[in-house]
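Data first, discussion second: the structure below is written as structure tokens.
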Amino acid sequence: MSGTLPEPRDAAEFLEDALDYRIGNEVLLATALTHGSYASEHPGATDYQRLEFLGDAVLEVTVTRYIYEQFPEATEGEMTLIRAGVVAEPALASVAREWGVPGLVRLGRGEEITGGRDKNSILSDIVESLLAAVYLDAGIETVEQIVHRHWAPMIAERAGTPGGRDHKTRLQELLVADGRDVEYTVTETGPQHARQFTATARSSGGDLATGTGTSKKRAEQDAARLALEGFAGTP
């Protein structure tokens with residue numbers, strides 16, 4: 001494409017199928033698709049850096065809310081792991097390719113020659129810029145619809161990996177595969193307003209690990225976490 005870009009109305013029409021939304025603000029759309037290398041060669045053009053900054057925050061809060069609502073049993077650590085995987089550069093670049101972004105981005109001559117049209121760093125930035133453009137054009141609810149449609153499968157997959165399930169579930173699965181089961185015994189100490197719980201994970205009569213927490217659930221999760229770490233460190 002030699003650094004050219006379809007007219008904003010044509011780009012909006014092309015992206016409409018992917019986003020299920022037509023970005024009406026042509027200036028925002030053009031900016032979202034403009035790399036700094038193009039802007040430096042074309043006076044008056046504005047690159048996507050500011051939009052990318054906004055889009056990064058919009059994507060993170062939208063994905064965070066979705067994970068929070070869809071996985072009520074997930075711990076803070078588990079939710080963080082899930083989110084990290086789906087907002088990372090490779091994941092966003094994959095979305096960009098699904099949307100056809102490589103054929104729309106405006107690049108300077110040098111960036112075009114060095115393959116910028118297929119660089120994950122550029123493609124991921126533009127996805128965030130486009131989400132910012134949608135946010136400014138239509139509001140957070142439209143962004144949520146787009147994110148749910150395109151990120152939900154990735155989130156579900158990530159939640160199904162060892163890094164995405166809670167520690168108790170992962171420990172249970174590991175032991176069942178070995179023909180064993182796990183049970184927890186919990187004790188509590190301290191005054192009523194500051195109870196401390198201690199949980200011990202046991203399997204086949206032997207103690208696996210002991211964890212603590214401010215609730216029974218947190219203590220059991222901590223014990224399972226420590227047990228998993230023990231397995232991971234076993235040759």
Less than 4.5 Å apart, side chain to side chain, heavy atoms only: is that true for [X] and [Y]?
X	Y	result
Asp181	Gln172	yes
Leu107	Ile122	yes
Lys217	Glu73	yes
Leu33	Arg106	no
Gln70	Ile155	no

Neighbour count >12 (heavy atoms, 6.0 Å) for atom [atom1], [X]:
X	atom1	answer
Lys216	NZ	no
Gln49	CD	no
Glu69	CD	yes

Return the minimal non-hydrogen interatomic distance between [X] and [Y], and the atom names on each side.
X	Y	answer
Val63	Arg83	CG1-CG, 4.0 Å
Met79	Ala74	CG-CB, 3.7 Å
Ala39	Ala45	CB-O, 3.7 Å
Ala133	Ile23	CB-CD1, 4.3 Å
Thr31	Tyr48	O-CB, 3.3 Å
Leu208	Ala227	CB-CB, 4.0 Å

note = For Val186, the other hydrophobic cluster members (4.5 Å side-chain criterion, sorted by chain and number) are Phe197
Short question: side chain of [X], backbone of [Y] - any donor-acceptor pair under 3.5 Å?
X	Y	result
His150	Ile146	no
Arg117	Pro102	yes
Ser94	Pro90	no
Gln221	Thr75	no

message = Can you tell whether the side chains of Arg97 and Asp118 come within less than 4.0 Å, N to carboxylate O?
response = yes
query = Stepwise, does the side-chain contact (heavy atoms from CB on, under 4.5 Å) test hold for Val58 with Val134?
reply = CA-CA 10 Å; Val58 170; Val134 172; over 6 Å; no
Quick one: do [X] and [Y] end up in the same hydrophobic cluster if we chain Ile, Leu, Val, Met, Phe, Trp and Tyr together by side-chain heavy atoms under 4.5 Å apart?
X	Y	value
Val86	Tyr68	yes
Ile140	Leu54	yes
Leu171	Leu226	no

Given Thr210, Asp207, Thr187, the one that forms side chain to side chain donor-acceptor pair (under 3.5 Å) with Thr200 = Thr210
Distance from [X] atom [atom1] to [Y] atom [atom2], nearest 0.5 Å?
X	Y	atom1	atom2	result
Ile82	Glu157	CD1	CD	12.0 Å
Arg149	Asp20	CZ	CG	4.5 Å
Thr114	Arg109	OG1	CZ	14.0 Å
Ser203	Tyr184	OG	OH	9.5 Å
Trp151	Thr62	CH2	OG1	9.5 Å
Gln196	Glu188	CD	CD	10.5 Å

key: Member of Leu15, Leu51, Leu104, Thr34 meeting the side chain to side chain contact (heavy atoms under 4.5 Å, CB included) criterion with Leu29   = Leu15
ask   = So which of Glu144, Glu141, Glu60 actually passes salt bridge (charged side-chain N to carboxylate O under 4.0 Å, His left out) with Arg65?
value = Glu144
request  = Just do the side-chain contact (heavy atoms from CB on, under 4.5 Å) check on Trp99 and Leu19 with the steps written out, would you?
outcome  = CA-CA 8 Å; Trp99 291 357; Leu19 303 179; 3.6 Å; yes
query = Among all residues two or more places apart in sequence or in another chain, which pass the side-chain hydrogen bond (donor to acceptor under 3.5 Å, both in side chains) test with Thr212?
reply = none
query = Should the ring pair Tyr66 and His148 be called parallel, tilted or perpendicular, given that the plane angle runs from 0 to 90° and is split at 30 and 60?
reply = tilted
